[in-house]
Amino acid sequence: MKREGVLYVISAPSGTGKTTLCKEIIDIFPNLRHSVSYTTRPPRTGEVHGRDYFFVGKDEFDRMVEAGEFAEWAEVHGNLYGTSLATLQENRTKGIDLILDIDCQGARQLKGCFRGGVYIFILPPSIEELRRRLNGRSSDSEEVIERRISNASGEIKEARWYDYIIVNDKFNEALEQLKSVLIAEQCRTDRLIQGLAKTFEI
Ligand code: ADP
Ligand code: 5GP
């Protein structure tokens with residue numbers, strides 16, 4: 001049954017575990033893909049251009065902003081990040097679900113201009129645990145970690161306008177909750193009714 005692709009927008013303070021959750025959830029739902037963002041941040045060890053991000057220079061990023069190629073973009077922790085508008089439109093039309101791992105500023109922009117998105121906020125169990133996870137990831141400098149921790153409390157205040165909140169304490173429980181949200185959203189009447197009308201008088 002044909003339906004439009006669903007847009008799942010996930011935000012969380014850096015270090016909460018949203019990248020890890022997003023990677024796992026993609027393996028569970030065959031129709032779900034990760035939307036690859038553009039960023040001016042340098043790649044971390046192990047990150048691959050085109051898979052984790054499209055790593056671009058500031059000039060190229062500015063050109064894309066000017067050309068209206070982003071559905072949303074924002075400066076986060078001192079770097080620029082943006083989502084391609086064409087990617088969102090293409091996947092919606094093809095019926096492919098997309099998961100976007102973006103910050104609150106970007107999520108707000110999308111909520112204002114892209115209909116039908118599902119907004120999910122992931123919280124860490126505590127700020128102390130968030131610090132432990134950022135240190136444990138050992139991919140950022142002390143200074144970068146401190147900046148991310150000090151931004152976390154402002155980001156957490158944004159959680160109240162999201163559709164769902166998931167606390168990533170025990171990883172498997174958080175994953176089950178995320179899975180449940182996706183399954184429920186796929187059963188929403190407004191997503192299915194047009195497709196069903198071809199089979200039933202409904
Ligand atoms: P984010 O994408 O939100 O910045 P990551 O997915 O990179 O965060 O996770 C940050 C670190 O925390 C990683 O080392 C990851 O393995 C770890 N992590 C993720 N979820 C949990 C969890 N529920 N319990 C303990 N560690 C976790
Ligand atoms: P990181 O540098 O740790 O990969 O990501 C830092 C922050 O940037 C995270 O909060 C992540 O969600 C956010 N981010 C990643 N891609 C985008 C994007 O395309 N747009 C916006 N607004 N934020 C993004």
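Indexing begins at 1, ligand by ligand and atom by atom, following the structure's order. On a predicted model such as this, the values are computed, not experimentally measured, just so you know.
Taking each of R44, R137, K18 in turn, the one with a heavy atom nearest to atom 14 (O) of ligand 1 proves to be R137.
Remark: minimum distance from atom 19 (O) of ligand 2 to any protein heavy atom is reached at S37 OG, 2.6 Å. Of all protein heavy atoms, the one lying nearest to atom 23 (N) of ligand 2 is D103 N, 3.1 Å. In terms of protein heavy atoms, atom 9 (O) of ligand 1 is closest to G17 CA, 3.5 Å. Protein heavy atom nearest atom 7 (C) of ligand 2, with residue, atom name and distance: V76 CG1, 3.7 Å. Among all non-hydrogen protein atoms, the one lying nearest atom 18 (N) of ligand 1 is R133 CD, 4.0 Å. Atom 4 (O) of ligand 2 has Y53 OH, 2.5 Å as its closest protein atom, hydrogens excluded (heavy atom only). Of all protein heavy atoms, the one lying nearest to atom 17 (C) of ligand 2 is Y81 CB, 3.4 Å. Looking only at heavy atoms of the protein, atom 10 (C) of ligand 1 is closest to G15 O, 3.5 Å. Nearest non-hydrogen protein atom to atom 2 (O) of ligand 1 is T19 OG1, 2.3 Å. Ranking protein heavy atoms by distance to atom 15 (C) of ligand 1, first place goes to T20 OG1, 3.8 Å. At the shortest separation from atom 20 (N) of ligand 1 among protein heavy atoms lies N168 ND2, 3.1 Å. Remark: minimum distance from atom 12 (O) of ligand 2 to any protein heavy atom is reached at D101 OD1, 2.7 Å. Summary of contacts: the protein heavy atom closest to atom 9 (C) of ligand 2 is K18 NZ, 3.8 Å.
Residues I10 and Y53 do not share a hydrophobic cluster, clusters being chains of Ile/Leu/Val/Met/Phe/Trp/Tyr side chains in contact below 4.5 Å. Hydrophobic clustering (ILVMFWY, side-chain heavy atoms < 4.5 Å, transitive): L192 and V181 are in distinct clusters. When hydrophobic clusters are built by joining Ile, Leu, Val, Met, Phe, Trp and Tyr residues whose side-chain heavy atoms come closer than 4.5 Å, directly or via intermediates, Y8 is not grouped with L88.
Using a cutoff of 4.0 Å between basic side-chain nitrogens and carboxylate oxygens, E146 and R131 are scored as salt-bridged. Residues D27 and K23 are not paired through a salt bridge, judged by the lack of any N-O separation under 4.0 Å between the basic side chain and the carboxylate. Of the charged side-chain nitrogens involved, none lies within less than 4.0 Å of a carboxylate oxygen, so that R63 and E66 do not count as a salt-bridged pair. Between R115 and E4 there is a salt bridge, with a side-chain nitrogen of the basic residue lying less than 4.0 Å from a carboxylate oxygen of the acidic one. Taking the charged nitrogens against the carboxylate oxygens, R147 and D140 have no contact shorter than 4.0 Å, which rules out a salt bridge. Remark: R191 engages E185 in a salt bridge, criterion side-chain N to carboxylate O under 4.0 Å. Ion pairing of E72 with R108 is absent here, as no side-chain N (NZ or NE/NH1/NH2) approaches a carboxylate O to less than 4.0 Å.
Proximity to R41 (heavy-atom distance under 4.0 Å) selects the following atoms of ligand 2: 1 (P), 2 (O), 4 (O). In the vicinity of T16, heavy-atom distances shorter than 4.0 Å reach the ligand 1 atoms 3 (O), 8 (O). Below 4.0 Å from some heavy atom of A74 lie the following atoms of ligand 2, by number and element: 22 (N). If you number the atoms of ligand 1 from 1 as listed, the ones under 4.0 Å from a heavy atom of S14 come out as 4 (O). Near G106, meaning under 4.0 Å from one of its heavy atoms, ligand 2 places the atoms 22 (N).
A donor-acceptor pair shorter than 3.5 Å cannot be found between the side chains of H34 and D101.
Looking at I102 against ligand 2, both its backbone and its side chain come within 4.0 Å, counting heavy atoms. With a heavy-atom cut-off of 4.0 Å, D169 touches ligand 1 through its backbone alone. For R148, every heavy-atom contact with ligand 2 shorter than 4.0 Å involves the side chain, none the backbone. The proximity of Q109 to ligand 2, defined as any non-hydrogen pair under 4.0 Å, does not occur for either the backbone or the side chain. Only the side chain of E72 comes within 4.0 Å of ligand 2, counting heavy atoms alone; its backbone N, CA, C and O stay farther away. The part of R44 lying near ligand 2 is the side chain, judged by heavy-atom distances below 4.0 Å.
Ring-plane geometry between F55 and H49 is classed as tilted, the angle between the planes lying from 30 to 60 degrees on a 0 to 90 degree scale. In this structure, Y38 and F70 have perpendicular ring planes: the angle between them is above 60°, well past the 30° mark.
Residue-to-ligand polar distances keep H77 apart from ligand 2: every N/O pair is separated by 3.5 Å or more.
Remark: R92 is positioned above the aromatic ring of F114, its terminal NZ or CZ atom under 6.0 angstrom from the ring centre and at most 45 degrees off the axis.
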| request: Would you please test E47 and R41 for salt bridge (charged side-chain N to carboxylate O under 4.0 Å, His left out) and show each step? | output: CA-CA 11 Å; E47 284 185 329; R41 164 170 83 60; 3.0 Å; yes
